[in-house]
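Step one of this worksheet: look at the structure below.
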Amino acid sequence: MTQFKKTFGYFLKRLLLLSLILSHIALAEQRATLIFDAEMPVINDAEQGQYAQLASVIDQYRKKDTNTFFIFGGESLGPSMLSSMDRGAHIIDLLNSLKPSAMGVSKRELSYQEDELILRTYEAAFPIVSSNLYDPLTHRPPDGIHTFAILKNANISLGFISVLAPEMIEKYPTNRVEVTSAEKAIIKAVIELKSRGVNLIVLHYSMYLPIFDQLLENGIVDLTLYKDQYFSSNPFYGAAHHPRNVIIENSTHAVAVHLTWQEDPLKRNLVITKDDIDVTAYPPKASVLKQEKEYAQRINSLLEEVLGTTETPIDLRRKPLRNAENGFANLVADTLREFTDAQISLVNSGTIRSNTEFSKGTLLTRRDIRTILPYRNTIKLIEANGQQITDALEYGLSGLGSESGQYLQISGIKIQYDSTRDVGHRLLSVTFNNKPLNPTKSYRVATLDYLLMGGDGYTMFKDNIELDYHQTSNFTLYDIMANAVLQQKVISPKTDGRIIDKATTQ
Amino acid sequence: MRYKQLSMIKKLAILLLVVIALFVSVGTLLQTKLEQTQSILNDLTSNTLPAMINANQSAIKSNELLSALESLMSSNTPVERRIADVEVQKKLKETQEQANKVSYSQNELRLLNTIQEEMIDLNFFIDTKLDLADQITKKQNELSRLKSNADYAFQVNIGHTDLDKKQKTAWKIAYLEVITLAYTIEDTHRLNDLQELQRLIEQQLSNIELITEKLPPSLNKRLAPLNAAIRDLLSGEKGLLSSQERYIRISGRTRGRENFIQNLISDYNKVANQFSLNENQKLKTKMMALTNGMYTQETWFVFGFVLLAAMISLILALYSQVINRLSNLTKRIHNMTAAPILNQSSNDEIDELFQAFDQFSDTINKQNSLLETQSLTDSLTNIANRRAFDRRLAYELSNDRTIQADLSVVLIDVDFFKQYNDTYGHASGDDALQKIAMMLSHTVPNNNNLIARYGGEEFVVILPNKTMEEANTEANNIMNAIKLANIKHSQSSVSDRITISIGIATRTKGAITDTDTLMKKADIALYHSKAQGRNQASHINDIETDHS
C-alpha cells in the first residue's frame with residue numbers, strides 16, 4: 001500500500017515536472033478561459049457590481065475550468081471617496097483576494113500620480129502592466145510596472161500587454177512619467193513576447209483607437225480587451241470592429257472569453273467565444289464582501305453627517321454635466337470664486353463626479369459631497385489675461401459631443417457658443433460684468449491645480465503667476481463645498497443662463 | 001419790535017438747546033465709542049486672542065500629530081514603533097485636548113475620534129507586521145541552521161558509489177539553490193515576484209525530493225529529514241513564503257491605512273489651520289475696527305470741540321448783538337428823556353437799561369398827568385370834565401350865541417357824599433359817582449347839552465336853548481333818575497338812598513352875563529336847595545323872587 005502511494009506520488013511529481021517543462025507545447029483539444037472586467041472605482045456598490053460579486057463570477061469559472069485567467073483592466077484606483085483617502089490601496093487589497101492574473105493600467109490608475117501607483121505595485125499580488133509608460137528619471141518603465149506579463153498554465157502561455165492613450169496625460173497629468181506611442185510599445189512588447197514563445201497575445205487598452213482593430217486584423221495581437229461604459233460617446237463608436245476586439249460597454253458587465261483549439265499550431269484553429277456576464281446578478285462571495293464592507297464602512301460616522309438639503313434637483317449625470325450649464329456646477333464654480341475672492345472661476349466638469357441625480361429635498365451628507373467631488377485637487381488663484389481665459393473656454397468647447405470632462409463650468413463670466421461650428425471656432429462671446437472680456441487685461445481667476453498642471457489639456461495657464469487668497473491653501477474643492485452646504489443648510493443650485501449654446505437655443 | 005425780541009429769545013433758546021443737544025450727543029457718542037473700544041479690547045483680550053492662540057496651538061498640534069504619524073509609519077523595529085506609538089498617542093491626546101479648547105464643530109471632533117479609531121486599527125496592523133517581520137527573521141536564522149546541517153550531512157554521509165556521490169552532489173547543489181532562493185524571500189517586496197519565487201522554490205523542492213528518492217535508502221534516510229525541514233520552513237501555511245506574503249499584504253494594508261489616517265489628519269489639519277486663520281482674521285478685523293474706532297473717536301473729538309467752539313462763538317456773537325441792540329435801545333430811551341442819566345451806580349448794560357426805563361416811566365407819568373390836565377374828559381366818570389365845561393360855557397355865553405336863545409345851567413351835588421365815602425369806602429364812592437354820571441348821561445339828551453363833572457361830587461349840566469321852566473323840568477328828571485338809580489346810602493339824613501341837591505340858573509335870551517356870574521347864581525340856588533333840606537332842586541330866579 002505504501003509502495004503504491006510512493007509510486008503514485010512519484011508519478012504525480014513526474015507529471016507535474018513534465019507539465020512544467022512542456023507547458024508551452026500545445027496538446028490536442030485544449031481550452032482556456034479569460035475573465036475580463038474593469039472600471040470599478042467604487043467598492044460595495046451593489047448597483048454597479050461589487051468586487052464580491054465579481055469574485056463569485058471568477059470562482060464559478062475557475063471551478064469549471066482550471067485554466068481560467070482573470071484580467072483586470074484597471075480604471076479603478078480612483079476616483080472615489082475612499083481612494084481619495086488611501087489612494088487606491090483598498091482596491092489593490094480587494095483585488096488580491098480576487099487573484100487576478102494581471103492588471104492593465106488605465107488612466108485613473110494615475111489619479112494620485114505615478115509614485116502612488118508604484119507603491120500599489122508593491123502591494124499587488126499580480127503584475128501591473130503598462131507597455132507604454134516611461135519614466136525619464138530611470139529611463140525605464142516606472143518601477144514595479146511591467147511592460148508585459150506572461151500568463152502561463154499547463155497548456156497555454158498568454159502574453160499580456162496594456163497600453164494607455166498618450167492623450168491620457170492630458171487628463172491625468174503626471175509628475176514625470178511619459179506615455180509613449182502605443183503602437184511602437186505594442187510592437188516592441190510583441191517581439192519580446194514572441195521571443196519568449198507565448199502562444200497568444202492579449203492586448204488591453206482603455207481608450208479606443210482604430211489602430212487596435214488594425215493590429216488584430218494584421219495578426220500582431222490575437223485578442224483585445226476594452227471596457228468603457230462611455231464608449232458610445234467615442235467618435236469611432238459606430239465603426240466596424242474586429243470580432244476579437246472584446247468590448248464591454250455596460251458598466252455592470254464583465255466578459256468571459258473562451259479560447260478553444262484543437263492542436264498545434266494553435267493560432268490557425270483557435271476559436272474564441274465570449275459570455276457577457278452581468279456581475280450584479282451574481283451573489284457576493286462572503287469573504288470578499290466582508291472585506292469590502294469593512295472598507296466601505298470606514299469613517300462612516302464621519303460621512304453620514306447631513307450637511308444640508310437641496311431645494312432644487314441636482315443632475316450630475318455625465319452627459320448633461322459635460323455638455324451644458326449645470327446648476328450644481330454653477331454652485332461649485334460660484335463657491336470657488338467666492339472662497340478665493342476671484343473675479344472669474346473655471347472648473348472642468350470632469351472634476352464633478354457621481355453620475356447621479358439628486359431629487360429636490362434630498363438630504364446631502366458628507367459622503368454625497370465627497371462622492372461628487374472625490375479628487376484631492378487643491379484650489380488655486382492665478383492672474384490670467386482675457387486672451388488666456390478665452391483660449392481656455394474655446395479649448396473646453398473642443399471636446400463637445402465626446403462628453404469630455406474638459407467642458408468648463410464657469411462663474412463670474414457669461415459665454416455664448418455654437419456647438420455646431422468647427423472646433424476652435426465655437427466660442428461666440430465672453431462677457432465680464434456685461435462687457436466683453438478684454439484680451440490684454442489681467443483677471444483674478446480661481447481654478448484647480450489640476451488645470452494649472454495642464455490637466456485635461458489645459459496648457460494655457462502653465463506659466464501664470466499664482467496669487468495668494470488669504471485662505472488655507474490646501475483646501476480641496478470638496479472641503480469648501482462641504483463647508484458651503486453646511487453654512488447654507490439649504491442650497492438651491494440652478495442655471496442662470498451663464499452658458500448659452502446658440503445651436504440649441506435657436 | 002416786540003415780535004423781534006421774542007424771535008431773538010427763541011433764537012437763543014434754540015441755539016442753546018442745539019448746543020446742549022450736540023454736547024450731549026457728542027458726549028454720548030464719545031462715551032459709546034469709548035465703551036465700544038473697551039468692549040473690543042475686552043473681547044480681544046478675553047476671547048479673540050485666546051481663541052486665536054488656541055486655534056494656532058491646535059493647528060500646531062495637528063501638524064505635530066502628522067509628523068508623529070510619519071515617524072510611526074517609518075518605524076522598522078518594535079522599539080522604534082513603541083516610541084513612535086507613544087509619541088502619536090501623546091500628540092493625539094494633546095490634539096484632542098487642544099481641540100476641546102477651540103470651538104470646533106461636531107465634524108472636527110468626530111474627525112478626531114475617527115482618527116483615534118483608525119489609529120487602533122493601524123496599530124494592530126503594525127503589530128502584526130512587526131510580528132511577521134520577527135517570524136521571518138527567525139525563519140531566516142533557521143535557514144542558516146539548515147544550511148550548516150546540510151553541509152554537515154553532506155560531509156558526514158559519504159556515498160557508496162560514484163553514482164551515489166554524483167547524486168549526493170546534485171542534492172547538495174539543489175539544496176543550496178533552494179536555500180539561496182529562500183534567502184531572497186526576505187528581500188522580495190512584491191507579491192507578484194514572491195509568487196514567482198514560490199513557483200521556483202516549489203519546483204526546486206520537488207527537484208530535491210526527486211534526487212533524494214534516487215539515493216540509496218541509508219542516504220535517503222539521512223537526507224529526507226533535511227528535505228522535510230526545508231519544505232516545512234518554506235512552504236505551507238506557516239512557511240517563510242507565506243509569512244513573507246502576509247508581511248507584504250499587511251504592509252500594503254498598513255500603507256493604505258496610513259495614507260487614510262494621514263489624509264484624515266491632514267483634513268483635520270486643514271480645518272485646524274483654516275480655523276486658526278479665521279481666528280487670526282477675526283483678530284485682524286477687530287484690530288482694524290479698533291484702530292478705525294480710535295481714528296473715528298479722534299475725529300469725533302475734534303469735530304465735537306470745533307462744533308462746541310463754533311456754537312460758543314455764535315452765542316457770543318448773538319450775545320454781543322443783543323447787548324449792542326440793548327445799548328442802542330438805552331441810548332434811544334435817553335434821547336427820548338431829555339434829562340441826563342445818572343449812571344454812576346450802573347454796573348452793566350442791563351442796569352443802564354433799567355435806569356433808562358425808570359427815567360422813561362417817570363417822564364411818561366409826568367406826561368400822562370400833563371395830558372390829563374389837557375384832557376376834556378373826566379377820567380373817572382368818562383363824562384366831560386371841568387375844563388370842557390368851562391370852555392363850553394364860555395363859548396355858549398359868547399356874544400353870537402347870547403342873542404339866539406336862553407341857556408340854563410344845572411349844578412348838582414351829591415348829598416352826604418363824605419359820609420358815603422366814609423361808610424362804603426372810596427372805591428364804592430367812585431362807583432357811585434360813575435353810576436350817577438351814567439344816569440345823568442342817560443337822562444339828559446345828548447344833543448347840544450353837556451354833562452360834566454364839576455369837581456368832587458359835583459356835576460354840572462349845560463342846557464343851551466333851555467328856558468327856566470324847561471331847565472326845572474330837566475332838573476326834576478334828573479332827581480327822578482337818581483332816585484331810580486337807587487344807590488343805597490345808610491348815612492343820609494334825608495333818605496336811605498343817595499340823593500342829590502340841584503341849583504339852577506338861567507340866562508335869558510339877549511341878556512349878557514359871564515360864566516362866573518352864572519355859576520355863582522347856580523351855586524346860590526344849590527346852596528338854597530341844601531339849606532332847604534337837600535334832595536331838591538331850586539332855580540335862582542325862584543329864590544330871588546322869594547327874597548324880593
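Sequence lines set the chain letters: A, B, ... in the order given, protein chains first and strands last, and positions in each chain run from 1. These numbers come from the heavy atoms of this one structure, side chains and all, not from hydrogens, waters or symmetry mates.
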Point to revise | Residues from residues 59-69 of chain B approaching chain A under 4.5 Å (heavy atoms) | key: none
Check your understanding: Among A/G88, A/A89, A/P127, A/S84, who wins on heavy-atom pairs under 4.5 Å with chain B?
Key -> A/P127
With only heavy atoms counted, which part of [X] is less than 4.5 Å from chain A, the side chain, the backbone, both or neither?
X	result
B/E196	neither
B/L264	both
B/S266	side chain

Point to revise | Minimum side-chain heavy-atom gap A/R376-B/D267 below 4.5 Å | key: yes
Check your understanding: Do the side chains of B/F260 and A/H90 get nearer than 4.5 Å, heavy atoms only?
Key -> no
Side chain, backbone, both or neither of [X] within contact of chain B (heavy atoms, under 4.5 Å):
X	result
A/D479	side chain
A/I92	neither
A/Y295	side chain
A/F126	backbone
A/S83	neither

Study note, to complete from the structure: chain A shares the most heavy-atom pairs under 4.5 Å, among B/R257, B/H189, B/Q195, B/E117, with B/R257
Check your understanding: Is a salt bridge present between B/R249 and A/D93, judged by a nitrogen-to-oxygen distance below 4.0 Å?
Key -> yes
Point to revise | B/F124 atom CZ, over 12 foreign heavy atoms within 6.0 Å | key: no
**Study point:** Smallest separation among heavy atoms of A/D86 and B/N263, with atom names
**Key:** N-ND2, 4.2 Å
